[in-house]
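Notes follow the structure.
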Amino acid sequence: MPELPEVETIRQTLEPVLHGHRLLSSHIYECRLRWTLPDHLFESLHGALLLKITRRGKYLLWHFDVGRVMLVHLGMSGRLGMATPREPLAPHTHVTWEFSDSPLIYYRDPRRFGMIDVVNKERLNEHPRLQLLGVEPLSLQFTPKTLCQVSGHRNIKTVLMDHKVVAGLGNIYVNEALFMAGIHPQRQQCHLTKAECTLLVESIKSVLTRAIEQGGTTLRDYRDARGEPGFFSLSLQVYGRENEPCLKCQTPIRRSVQSGRSTYFCPQCQNLH
DNA sequence: AGACCCCTGGAC
DNA sequence: GTCCAGGGGTCT
């Protein structure tokens, strides 16, 4: 479900509620996630003050004043939200956290592809899920060079989906950025011109920035931490538009499958050579 | 690079 | 019933 703009929107809607509040208690209702939650995972955080929530790729990092950090990844169907203490928990609720003077925070994940972990601050960058992540796409470190330096003959869509190269992109925004840049998803990365790499980097930054401004993309069930949907769905140019006319040239949008994921593109506007 | 795996739920 | 889904880890 959530790609970088959705995770960032959740961060932005959750942090103002929790920052400066103390974690009083937590409860694990369902320990089966991508990796099973240990019984006492959150114990070291009880009584700790939440300093801030940051984001790295699609991971949310909850920094506590005891030198511990909680990592949360939402997988495909994970959701962080707020509930009143009395209301019954929705199905597939894995964890709830009770913070001082705050609504009850829950994590819910029907497909169980998400993960939650807690680590020492000093060990954060060595965490197996973080240490191999590439650059942040909205940072100054993400440049045309990032794409040029990748070795091999992979197609450009696969390269952009590779979090070791650039962290946080997903299927929606890769499709959208490639359309915006006029680059066919099956182009070999090593055959892109410098100008195309530049345009692609600009397109990625542009589409992510606009998506964050719209609160992300709600296709089915994505909601921010307040329960609000995202409105970038209204701005999608190719994703999910198979057989619909290209918004630039009217040619029907095509769908193919690359690495098991749907790829949407305009065969007219997106150059293969 | 690609196939397969992990899961549930919704559309058809 | 079948197919599909915004994730990614782990094998060959």
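Both backbone and side-chain heavy atoms feed into the values below; hydrogens, waters and symmetry mates do not.
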Original post:
Within the structure shown, what part of the strands sits under 4.0 Å from A:Arg108 by heavy-atom distance: base, sugar-phosphate, or nothing?
Top reply: nothing
Original post:
Looking only at side-chain N and O atoms, does A:Tyr173 come under 4.0 Å of OP1 or OP2 in C:dG6?
Top reply: no
**OP:** Name the nucleic acid region contacted by A:Thr217, choosing base, sugar-phosphate or nothing; use a 4.0 angstrom heavy-atom cut-off, strictly under.
**Re:** base
Original post:
OP1 or OP2 of C:dG9 sitting under 4.0 Å from any side-chain N/O of A:Arg129?
Top reply: yes
Original post:
Quick one: does A:Arg261 reach the base of C:dG6 with a side-chain donor-acceptor pair under 3.5 Å?
Top reply: no
Subject >> A:Ser256: side-chain hydrogen bond (donor to acceptor under 3.5 Å, both in side chains) partners, not counting sequence neighbours >> reply: none
Original post:
Checking all strands, does A:Tyr59 fall into the base, sugar-phosphate, or nothing category for heavy-atom contacts under 4.0 angstrom?
Top reply: sugar-phosphate
Original post:
Got more than 12 heavy atoms from elsewhere within 6.0 Å of CZ, A:Arg254?
Top reply: no
**OP:** May I have the distance from A:Leu236 (atom CG) to C:dG6 (atom P), rounded to whole angstrom?
**Re:** 12 Å
Subject >> A:Lys121 side, atom NZ; A:Phe64 side, atom CZ - distance, nearest 0.5 Å >> reply: 13.5 Å
**OP:** Take atom CZ of A:Arg56 and atom P of C:dG7, then tell me their distance rounded to the nearest Å.
**Re:** 17 Å
Original post:
Say you pick atom P in C:dG8 and the same atom in B:dG10; how far apart are they, in whole Å?
Top reply: 23 Å
Subject >> Carboxylate-amine/guanidinium proximity below 4.0 Å for A:Glu228 and A:Arg226 >> reply: no
**OP:** Would you indicate, yes or no, if C:dG7 has its OP1 or OP2 atom less than 4.0 angstrom from a side-chain nitrogen or oxygen of A:His73?
**Re:** no
**OP:** Please report, rounded to the nearest Å, how far the P atom of C:dG8 is from the CE atom of A:Met161.
**Re:** 8 Å
Original post:
A:Asp109 has an atom CG; how far is it from atom P of B:dG9, in whole Å?
Top reply: 11 Å
**OP:** Please work out if A:Tyr222 contacts a base, only the sugar-phosphate, or nothing of the nucleic acid, heavy-atom cut-off 4.0 Å.
**Re:** base
Subject >> Length of the line joining A:Lys157:NZ and C:dG8:P, which is rounded to integer Å >> reply: 13 Å
Original post:
Can you list the stems that include DNA chain C, where a stem is three or more consecutive Watson-Crick or G-U pairs with distances under 3.5 Å?
Top reply: B:1-6 with C:7-12, B:8-12 with C:1-5
**OP:** Determine whether the aromatic ring centres of A:His27 and A:Tyr29 lie less than 6.0 Å apart.
**Re:** yes
**OP:** Identify whether any heavy atom of A:Ile172 sits under 4.0 Å from a base atom; if not, whether one sits that close to sugar-phosphate; answer base, sugar-phosphate or nothing.
**Re:** sugar-phosphate
Subject >> Residues A:Lys58, A:Glu6: salt bridge by 4.0 Å N-O rule >> reply: no
Subject >> Residues clustered with A:Val119, ILVMFWY side-chain links under 4.5 angstrom >> reply: A:Trp35, A:Tyr59, A:Leu61, A:Val69, A:Leu71, A:Met115, A:Leu124, A:Leu130, A:Leu133
Could you give the side-chain donor-acceptor pairs of residues 264-273 of chain A under 3.5 Å, partners two or more places apart or in another chain?
{"residue": "A:Gln270", "atom": "OE1", "partner": "A:Cys266", "partner atom": "N", "Å": "2.8"}
{"residue": "A:Gln270", "atom": "NE2", "partner": "A:Leu178", "partner atom": "O", "Å": "3.4"}
{"residue": "A:Gln270", "atom": "NE2", "partner": "A:Ile183", "partner atom": "O", "Å": "2.9"}

Original post:
Whole Å only: how far is the CE atom of A:Met115 from the P atom of C:dG8?
Top reply: 12 Å
**OP:** Return each pair, listed once, that meets salt bridge (Lys or Arg N to Asp or Glu O under 4.0 Å) where at least one residue sits in residues 106-116 of chain A; pairs must be two or more places apart or across chains.
**Re:** none
Dump every N/O contact between nucleotides 4-8 of chain B and the protein below 3.5 Å, one line per pair.
{"residue": "B:dC7", "atom": "O3'", "partner": "A:Arg112", "partner atom": "NH2", "Å": "3.3"}
{"residue": "B:dC7", "atom": "O2", "partner": "A:Arg111", "partner atom": "NE", "Å": "2.8"}
{"residue": "B:dC7", "atom": "N3", "partner": "A:Arg111", "partner atom": "NH2", "Å": "3.3"}
{"residue": "B:dT8", "atom": "OP1", "partner": "A:Arg112", "partner atom": "NH2", "Å": "3.1"}
{"residue": "B:dT8", "atom": "O4'", "partner": "A:Pro110", "partner atom": "O", "Å": "3.4"}
{"residue": "B:dT8", "atom": "O3'", "partner": "A:His92", "partner atom": "NE2", "Å": "3.2"}

Original post:
Rounding to a whole Å, what distance do you find between A:Glu242:CD and B:dC12:C1'?
Top reply: 15 Å
**OP:** Can you tell me the distance, in whole Å, between the CG atom of A:Asn155 and the P atom of B:dG2?
**Re:** 7 Å
**OP:** Might you confirm whether atom NZ of A:Lys248 has over 12 heavy atoms from other residues, nucleotides or ligands at distances under 6.0 Å?
**Re:** yes
Original post:
With sugar-phosphate meaning primed atoms plus P, OP1 and OP2, does A:Asp221 contact a base, only sugar-phosphate, or nothing at under 4.0 Å between heavy atoms?
Top reply: base
